[in-house]
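Read the numbers this way: they start at 1 and go in the same order the structure lists the ligands and their atoms.
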Amino acid sequence: MKRLFIALCCACSAGFLPAQTPVYLDDSQPIEARVKDALSRMTLEEKVKLCHAQSKFSSAGVPRLGIPEVWMSDGPHGVRAEINWNDWGYSNWTNDSITAFPALTCLAATWNPEMSAKYGKALGEEARYREKDVILGPGVNIYRTPLNGRNFEYMGEDPYLAATLCVPYIQEVQKNGVAVSVKHYALNNQELWRGHIDVECSDRALYEIYLPAFKAAVQQGGAWTIMGAYNKFRGQHACHNELLLQKILKQDWKFDGVVVTDWGGAHDTYEAAVNGLDIEMGSYTNGLTSESAFTYEDYYLAQSYYNMLRSGKVPMSTIDDKAARILRLIFRTAMNRNKPYGSIVTEEHYAAAREIGNEGIVLLKNALVQKKQSPLLPIVADKYRRILVVGDNATRFLNQGGGSSELKVKDMVSPLEGLRAVYGDKIQYAKGYAAGRPMYGNVEQIPQAVTDSLRAEAVAMAQEADLVILVGGLNKNHLQDCEAGDREDYGLPFGQDELIEALQAVNKNLVLVLLSGNAVEMPWVSKVPAIVQGWYLGSMGGHSLADVLSGKVNPSGKLPFSFPAKLTDNGAHSFDALAYPGDSIKEVYKEDILVGYRWHDTKKVPALFSFGHGLSYTTFSYGKPTASSKTISADGSLTITVPVKNTGTTFGKEVVQLYVGDDKCSVLRPTKELKHFQKIALQPGEEQTVTFTIAPDDLKFYNETLGDWTSEPGKFKAYVGASSSDIRGVVAFELK
Ligand code: BGC
C-alpha cells in the first residue's frame, strides 16, 4: 500500500495527475482542509477501518483513495525489530538492526534538554529509515515505587523534570514525519496487575504529579499521538476513560492527535466510541484469546462499533472525530512528502548514544580510600597493573529482555569491551554471579552451587588484583527491570550482596557500577568506596562507562529519582498493601502528592541518595543566591541569581537546581518542589552566574475545590542546591 501511495505522490508532483488534484492529496493545502476533503469522500466502513489494527503493528488506510496505512513500532529506546503480521514472533529480517539509545532514566539523569533533542533527532531518523509512522514512546509515567518493572522506560519521579526532558525528544522525532506516542496515559505506575488494577488518587496527585509530563508533551511538545494505559482509573479503563481522555486531554488540553490503546487495552465498544479512544491495537476480544481465533473485525472499534453507529446507539460525530484525527496523523506522517529519508546506525547516532550515556551516568559515591587519601575514581591507568572486572552485567546484552522495549542492535559495546579499549591487557574478567538468560515472562533458576563457585572464583582473583570493578545491578529479566511484572525485592538479585561483601573483604579498591533503571537497597554502602549508577546505556554503553570511569569524561548526571535506604522509606510503601500493590482489584495512592523527594523532605525521612544527587571529579562552590525583589505579585515575576564556580582542577558540568517551598498554606504542600534547573559547563576556576525566573504559576497548587490552580499569598522560600538534599542557599520572598 505504501508503495502505491508513493507512486501516486511522484506522479502527482511530476504533474501527471489531472489539473484538479483532490484537496486531500495536495500538500500545499492546509492539513485541516485536506482532512475535511478526505472525510467527505469516505464511506462509514472506510472510516471505521481506520480505528483498529489490521496487523500487530499497523492500522489500515483508505486504499481506494490512496491513503496509506499507519505503521507503528516500539519504542522508546530505539526502533524495535520487525514483528510478524499476526503474532508476536520476530520476522527475522536482516535489515532491521538499529542503534540502542540509553534508557529514558538515563536521559532524565542528564538533566539536559540538549541531550533530549539529540536523542529525538537520532531516534526519529532511525524510525523514518525503517518507514515507521509512529514510534511508541517516550514513556513519562512517574516513578512512584522502586519495584515498578518499567521505571527504566520512564523519566523519574519529578513532574517538572520529566516534562522538561520529554519535550525536545518529541519535537525532534516528529521533525522526521514520525509521530511519537507518549505513554502510558495515565497512572500506569506498576506492572503487577497492570491490565485491571483500579487506581484511586486525589485530584491534586493527578494534576500535580501524574499529569504534568503528559500535558507538556501535548502542549509544548505537540505530540501527535498518546497511548492509553492498561490500568483503570476511578473505575474506568484508562484507554476509554472519560475524565482522562475526553475532559482533560481533548477538551482542556485541546489535543488534536490520536489516542492509541496500549496493546489489548480496550475493553468496551460503547466506552471506546464515546470516551475518546481513536485507534485500538492488540486486542483479544470477548473471550477469543488465541491469536488465530480472532479477526480484526472482532475488535471493539471494528464491526461492533460499526453496528452501533448504524443503529444510532452512538452518534456519528464520534466516528467523524476519530477519522479526522487519524487522517490528520496520516497527513503529518505517512503522507508527509517533506519528510527526510532517515538513516540508521550512523556515526552521528552512535556519537549521540555515547554522549547521552556520558551525561547521564551518575557518580553516587567517591570516597577517599584509606592510606592513599585519594578517591578511586577516575581510574588512572598508570596506577594499576591488574584490574579485575567482575559481573554478569559486564558482558550481558542488556538490549535483550525487558518486554516491548527490547531491541535488535547492530552493535553493542559491553562494559568489559569498553574498559578493555581503555586499559587493554590490564583487564581480567570473572563473572562473579550468574543471572540466567535474558527472558521475558520466565525466570531461570540458578543452582546455589553455581552462585557459590562463581563468587569463590571472583574473590580469589580479586585478592590478586590492584583494583576491582564490579558491574552488577538488575537486568531485563522477568521480575527485574521488565514489563508485565514488578520486582519482588528491593535488594540486589542473584547473590550480589554477598558477592560485594566478599569482594570488599579482600580488596578495598572496589568500584561498584550498578546497571539498572531502579534504585536498589545497599546494605554494604559504607564499605564500598566508589559507586556509579550506570542505567542501561545502549549500543555505546561500554564506551560511555569507560569514558566516565577513566576520567575522559567528568560525570555530570544527577539522579532523576530518590534511592531510599529501605523500601518502607518510600512514600508508596509507607502504608498498607492497598497503597502498593493494591488488593488486586483496587489501589489507593495514600502518599498522595508526596511522591519521591517530596515524601523524604516533608516526612523528614532522608534518602540514601537523594533526588538530584550526583558527584563530579571537580568541585563547585555556590555563592549566596539573591532575589531581584522581596515580593512577587500575581502578575509579576522574580529572578533568583546565584554565582557558581568550578573550584577544582578539572572541566566539569553542574546541574544547578531551584526548588520552591510554601511556608504556610491551607492545604498540605511538600517542603519544596523542583521548579527550574540549569546545567552549566565550567572550566577550572571559571565562575558563572545562573539566573532563574520564578513566575506566579511556580507557586500554585491544584485547588480541588475550585478545580483549578491557585496560590495563597504569604511567605515562600527559594532553595538553590546541587541536589534536593544539598541546598547551598535559601532566599525568602513573599507573594502579595
Ligand atoms: C506495552 C506498550 C507497547 C505495546 C506494543 C504493550 O504491552 O505496554 O508499551 O508499546 O505493548 O508492544
Side-chain angles (χ1 to χ4, degrees), residues 52-59 70-91 96 98 103-105 123 127 130 132-142 148-155 166 169-170 173 178-197 199 213-214 217 223-232 237-239 258-267 277-284 289 291 299 399-408 440-441 476 478 481-486 517:
H52 58 88
Q54 58 161 14
S55 77
K56 273 275 165 276
F57 280 91
S58 71
S59 56
V70 176
W71 276 90
M72 313 183 190
S73 173
D74 285 302
H77 305 142
V79 189
R80 194 179 185 184
E82 294 302 323
I83 305 262
N84 290 338
W85 186 269
N86 210 24
D87 65 48
W88 283 104
Y90 283 111
S91 309
D96 57 354
I98 44 68
L104 289 189
T105 36
L123 174 64
R130 292 270 310 276
K132 302 303 175 194
D133 304 308
V134 183
I135 185 97
L136 304 174
V140 297
N141 292 100
I142 289 293
N148 178 13
R150 285 186 93 171
N151 278 334
F152 70 102
E153 292 185 65
Y154 303 142
M155 298 178 122
C166 76
Y169 173 120
I170 294 168
V173 166
V178 174
V180 295
S181 198
V182 186
K183 60 196 194 181
H184 307 90
Y185 183 74
L187 298 148
N188 183 182
N189 305 107
Q190 70 191 46
E191 288 298 288
L192 185 61
W193 301 320
R194 65 176 177 174
H196 62 269
I197 194 80
V199 173
F214 288 102
W224 290 335
T225 90
I226 296 280
M227 185 191 290
Y230 280 132
N231 50 282
K232 290 181 176 173
H237 273 283
C239 283
V258 167
V259 175
V260 183
T261 56
D262 199 340
W263 268 231
H267 301 270
L277 176 64
D278 301 308
I279 300 184
E280 177 190 3
M281 299 296 295
S283 295
Y284 296 103
T289 50
E291 301 274 355
Y299 272 44
N399 54 310
Q400 292 174 6
S404 56
S405 63
E406 174 169 270
L407 295 169
K408 175 172 156 189
Y440 175 31
K476 308 271 189 73
H478 185 52
D481 282 336
C482 184
E483 201 178 323
D486 281 353

With the threshold set at under 4.0 angstrom, would you say Arg194 reaches ligand 1 through any of its heavy atoms?
yes
Sort out for me which residue in Tyr90, Trp85, Trp263 forms a ring-ring contact (aromatic ring centres under 6.0 Å, His included) with Phe57.
Trp263
On a heavy-atom basis, which atom in Arg130 and which in Val79 lie closest, and how many Å separate them?
NH1-O, 3.3 Å
Report yes if some heavy atom in the side chain of Val199 is under 4.5 Å from a heavy atom in the side chain of Gln190; otherwise report no.
no
Please list, in number order, the atoms of ligand 1 under 4.0 Å from a heavy atom of Ser404.
1 (C), 2 (C), 3 (C), 9 (O), 12 (O)
Please could you name the atoms of ligand 1 that Arg80 approaches to less than 4.0 Å, counting only its heavy atoms?
12 (O)
Could you tell me whether ligand 1 has any atom less than 4.0 Å away from a heavy atom of Met72?
no
Contact region, Glu406 to ligand 1, non-hydrogen atoms below 4.0 Å, reads neither
Among side-chain atoms of Tyr154 and His184, is any donor-acceptor pair under 3.5 angstrom?
yes
Going by the salt bridge (Lys or Arg N to Asp or Glu O under 4.0 Å) test, name the single residue among Lys132, Lys408, Arg80 that passes it with Asp96.
Lys408
Give the atoms of ligand 1, by number and element, whose distance to some non-hydrogen atom of Lys183 is under 4.0 Å.
2 (C), 3 (C), 9 (O), 10 (O)
What is the closest protein heavy atom to atom 11 (O) of ligand 1, and at what distance does it sit?
Asp262 OD1, 3.5 Å
Which residue from Thr261, Asp74, Ile83 reaches closest to atom 10 (O) of ligand 1 through any of its heavy atoms?
Asp74
With a 4.5 Å limit on heavy-atom distance, are the side chains of Met227 and Met281 in contact?
no
Ranked by distance from atom 7 (O) of ligand 1, the top protein heavy atom is Glu483 OE2, 2.7 Å
Has ligand 1 got any nitrogen or oxygen that is less than 3.5 angstrom from a nitrogen or oxygen of His184?
yes
Atoms in ligand 1 with a heavy atom of Leu136 nearer than 4.0 Å
10 (O)
Output field: ring centroids Trp193/Tyr230 closer than 6.0 Å
no
Asp262 side chain to Tyr185 main-chain N or O, any donor-acceptor pair under 3.5 Å?
no
In terms of atom number and element, which parts of ligand 1 are under 4.0 angstrom from non-hydrogen atoms of Phe57?
5 (C), 12 (O)
Which segment of Met281 sits under 4.0 Å of ligand 1 when only heavy atoms are counted
neither
Note, Met155 side chain near Cys166 side chain (heavy atom, < 4.5 Å)
yes
